[in-house]
Each structure stands twice: as structure tokens, then as C-alpha cells.
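Following: one structure in C-alpha cells, then a few remarks.
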There are 2 protein chains.
Amino acid sequence: MGDQIINPSMASSTEENYLKALFNLSNSLGEVNLSELAHGLQVSLPTANSMVKSLQKSGWVNYEKYKPLILTPEGQKEAALIIRKHRLTEMFLVKKMGFGWEEVHEIAEQVEHIHAPKFFQRMDEMLGFPTIDPHGSPIPDNQGRIQEFSYVPLSSCKPGQTVQLTALTNSSTEFLEFLNSRKLALGTQLKVLSREAYDLSLVVSYQNHPQETLSEKVSERLLVRVLD
Amino acid sequence: MGDQIINPSMASSTEENYLKALFNLSNSLGEVNLSELAHGLQVSLPTANSMVKSLQKSGWVNYEKYKPLILTPEGQKEAALIIRKHRLTEMFLVKKMGFGWEEVHEIAEQVEHIHAPKFFQRMDEMLGFPTIDPHGSPIPDNQGRIQEFSYVPLSSCKPGQTVQLTALTNSSTEFLEFLNSRKLALGTQLKVLSREAYDLSLVVSYQNHPQETLSEKVSERLLVRVLD
DNA sequence: CAAATTTGTTAGACCGATCTAACTTATTAC
DNA sequence: GTAATAAGTTAGATCGGTCTAACAAATTTG
């Protein structure tokens, strides 16, 4: 009594995680193969193999032996809607509940599997229909459509350029805590002072930080909009 | 990556539902047997039987063949903490997200299984550490202790008494919608005008309702505090 | 109290999600 | 272009949570 209605055409939490992983990997790697998926989900190859077959049976994925994995349009939409719930939740946790951007991923990872359209609709309303999450990633709309932005990694910027930090390609707690420690937040304007040819680190200045060195690893994870 | 850490001593969602059901049934029926549990959870007897054995192995339940089910102190606490999450969530949904009291049960039923202490702690803070949920049921504290209130069912009140509606023993959507339709909310003061001997229905007055008849079924589900 | 009914148990099956072991196909390197 | 390596497959097992069928114990009822 009172439990959610289970619709047979609905993905289980596990299936949702596969779809989401596939979606994210496709966006960052282009083609995705089984072992990348298995690695991303921390499961064995045979597990991923059998799950992919079952996702295919459900019409979310197209798969031919030894070929790359492809989400069907339905799979794409399904994945985008899960990511929508994840990102809306993250935004809600930050803006309405006072969490730090480094704390919200783990919680959202669980909340995203809740089946309650009104719940997420209400978050959306309360947040004023946001288009990006606390890490600058776009929030798909309720049809699963994603507005693509064309940001560039800070690592590709030239000395002399002024840029604004707009998104991240990695949102691990550790990375976010590093950014916190340097007072780097979305919206921060940075000026690229120089690039060290040896290790490709960048020296930048911003706000009360006249000189800060960012390693290549860091600067390639920072997405920026070029201002000048 | 980013998924919740699974602690072996942690109950699965299914186990949590069994503990919760057992807790609630014990509180309303006293002794609980297997078939009541099975019926309450909408599972077959053998399913409940095998699950109870496994809950016993985990130390949440004591069970001897053909005997009533008993929650161990650990099981009691575990159950109370799940109910705490459920009721805090209901309160949050009503007070902070604008849901009606008849809409929140289904959502809370899912949110209660989230493992994220900070999330519920934050709700608790934002709500000012409430002690009752939107239906007047007590919210266990973070040690799983429950403050018991001694309310009486409206059905036991005598004509002439003035009472205040303080809680419900049933919070089904249908019942809550019935109460909404009669503008009966927690806190409403009612005066018992008369009791119909034939069907035990009560005639009451309150606010802009000089005369309203409540069936026995309704009045025994309304818990009140006697004011005079 | 014996018969009927309710309640509980056991056995055996299924399904989703996972694993390891053994094997095969594809890709890469020399 | 073969050998080595990486990627993928198949088979078979396990575990949690569920079921039905068949049987046994306890309780209720005439």
C-alpha cells in the first residue's frame, strides 16, 4: 500500500544506471564499447554484456556482437530524463537546502531514481526552471532535450585571454574541494597570464588571487567562455 | 563512482519495508503474525516466511515457528529511523515544497529509503526539528525514540465535549481528500453535538460548519485532544 | 472432540543482477 | 603476417526476493 506503481515499460534503477552511464560515456568518448561501459559501472564484462542484451530487448539500446553500443532515440530520451532528475536535484540541494556543490552528487545519485513527476516538477518551479546544474552542466528539458553549450577547456586558452568559468567536465568531490580551496566558482573571471611549456600548467589571475598556477589536469577540466 | 556505499549491516529497501510494516502493525494490532505481515506487504506467506527468517539472521527480528513476530530492540530502532525519514520527508514536502497532505505519502515512501544522513538532518533543521508529521503522527528522534501522545478517537467522545483534531490513524489519500472536502484539518476545534445510536455516527460543529455528520468509520480514525 | 478453517512450512521454481572460468574474436605490435 | 594482447562471449553458479503447490500445525466451530 502506498508503494510506487511499477510499470513494466519502466527501467529498474540498475537499467537507469546503465542508460545514464552509456549516455555520459557517449558524450565524452563518442563511441562506447562494452568494456568501457563495464568499467564505468564497475561491473564485470559478462554482467555488462548480459544487461546490454536485455536493454536491447527493451528497445533502449542497439547492439551487435563486437560492435560499439548505441542508444536508441528512446534510450537517449530515457537517459536524458534521468540526468534531468539528477541535475535538478543537485540544483535544489544547493539552492534550496544550502549544500555545497561538492556534497550533492552522492545524494542526487539516489534521488534520481525516484518515480514522482510532481516532485521534480515542483523542484523545477521552485528553482525557476534552471537550465544548468551547480557544476555548469545543462539540465535536459522535460522532453529530454539538451541545450548544448560550446565552452572550451581553459587548457586551450592563450596567455592574455580573459575568460569566465562556466562549467566543469569533472565533478568529483575531490576536484570540487580543490576548487573551493582556491576560491574558484562558476562565474569567476580569470585572466591567463602564461603557460609553462614544460608541464602545460597555466598561471592565471582572478579576484584576490593575483597569481595562481593550475596544472594541466585541472585546466582541462575547467570549461570557460572566452570574453575578449 | 558516486554511488552510495553499501554497508553489509544495512537493510535493503525490501528489508526496510518489512521492518516498517512490522513496526506499524505491532503498534496497531499488538501481536503480529506472519499472515498479517504478508497481507500488509502484499506478498505471499512463503515469501514473508523466508524474509522473516533472514531478518532474524540479521538480528532485527525474533521468530519461533508458529509464534508471533517480535522486533528486537535493534529492529525497533531501525524501523523507527526509517519511519523518521518518512515523516520528516512528508513534513518537508508539505511545509517547504507546498504539497497537500494527501499527496506526500507516495513520494515519502520512496524517499525514506535514501541513505544520506545529511539530507534528512538538513530537512530536520529547515523544519525546526518538528515532532509530528502532517498527519499528526510523531516523528521519532534521531536515536529512534518515539514520543507517545495519548489522544483519543473522536468516536469515543461524548456529546457536549469540545475537542481539537490532533492526528489521524489512517492517512490514505481517499481519507485525506474526504477531510479536505469537509475542511477538516489538524488543529480544528470541534464540538460534539450528538451521537446517532443507530449507526454510531456523530454530529459535530466547527468553524463555518454548524452541523456536519461523521460516520463511525470516520470518527474512529480522527484522534483528538479533549479541551473541556 | 472431531471437522473445518486458518495459519504456517517446505520444496522447488523463476527472474534480475551479479560473479568466475574458459573460450573466441578483434586489434595491436613487431 | 603471425604472435601477443585486448575485448567480447558463453556457460554455469550465486544471491535476493518472489511465486505456486503440497503438506502440516494450530485454531475455531459445530
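Throughout, a chain's letter reflects where its sequence line sits, starting with A, and its residues are numbered from 1.
Here the C1' atom of nucleotide D/dG16 and the CD atom of B/Glu16 are 15 Å apart, to the nearest Å. Here the P atom of nucleotide D/dG8 and the NZ atom of A/Lys53 are 13 Å apart, to the nearest Å. Atom NE2 of A/His39 is separated from atom P of D/dG8 by 13 Å (rounded to the nearest Å). A/Leu41 has its CG atom 10 Å from the P atom of C/dC19, to the nearest Å. Counting to the nearest Å, the C1' atom of C/dT6 and the CG atom of B/Leu37 are 17 Å from each other. Atom pair A/Asn49:CG and C/dC19:P shows a separation of 13 Å (rounding to whole Å applied). Counting to the nearest Å, the C1' atom of D/dA22 and the CG atom of B/Leu45 are 14 Å from each other. Following rounding to the nearest Å, A/Gln42 (CD) and C/dA17 (P) show an atom-to-atom distance of 18 Å.
A donor atom on one side chain and an acceptor atom on the other are not found under 3.5 Å apart for B/Gln110 and A/His115. Looking only at atom types and distance, the side chain of B/Asn180 has a donor-acceptor partner in the side chain of B/Trp101 under 3.5 Å away.
An OP1 or OP2 oxygen of D/dC19 is reached within less than 4.0 angstrom by a side-chain nitrogen or oxygen of B/Ser44. For the pair B/Tyr66 and C/dT6, the criterion of a side-chain N or O lying under 4.0 Å from OP1 or OP2 is not met. OP1 or OP2 of C/dT10 lies within a sub-4.0 Å distance of a side-chain N or O belonging to B/Lys65.
Nearest approach of A/Ser26 to A/Leu22, heavy atoms of both residues: OG-O, 2.6 Å. Summarising the geometry of B/His113 relative to B/Glu16, their closest heavy-atom pair is ND1-OE1, 2.6 Å, with the distance given to 0.1 Å.
Relative ring orientation between B/Phe92 and A/Phe92 is described as perpendicular, the plane-to-plane angle rising above 60° on a 0-90° scale split at 30° and 60°.
Among D/dG8, C/dT9, D/dT18, the nucleotide with an atom closest to any side-chain atom of B/Tyr18 is D/dT18. The side chain of B/Met51 approaches D/dG17 more closely than any other nucleotide in the set C/dT10, D/dT9, D/dG17.
If you check every strand for non-hydrogen atoms under 4.0 Å, A/Ser12 touches sugar and phosphate atoms only. Counting any heavy atom pair closer than 4.0 Å across all strands shown, B/Thr14 reaches sugar-phosphate atoms only and no base atom. At the heavy-atom level, B/Thr47 lies under 4.0 Å from base atoms of the strands shown.
Contacts between residues 21-35 of chain A and DNA chain D, defined by a heavy-atom separation under 4.0 Å, are made by A/Asn33, A/Leu34, A/Ser35.
A salt bridge is absent between A/Lys77 and A/Glu74; no separation between the charged side-chain nitrogens and carboxylate oxygens falls under 4.0 Å. For the pair B/Glu109 and B/Lys20, the salt-bridge criterion is met [side-chain N within less than 4.0 Å of a carboxylate O].
With DNA chain C read from its 5' end, the first of the two nearest nucleotides for A/Pro46 and A/Glu15 is the one closest to A/Glu15.
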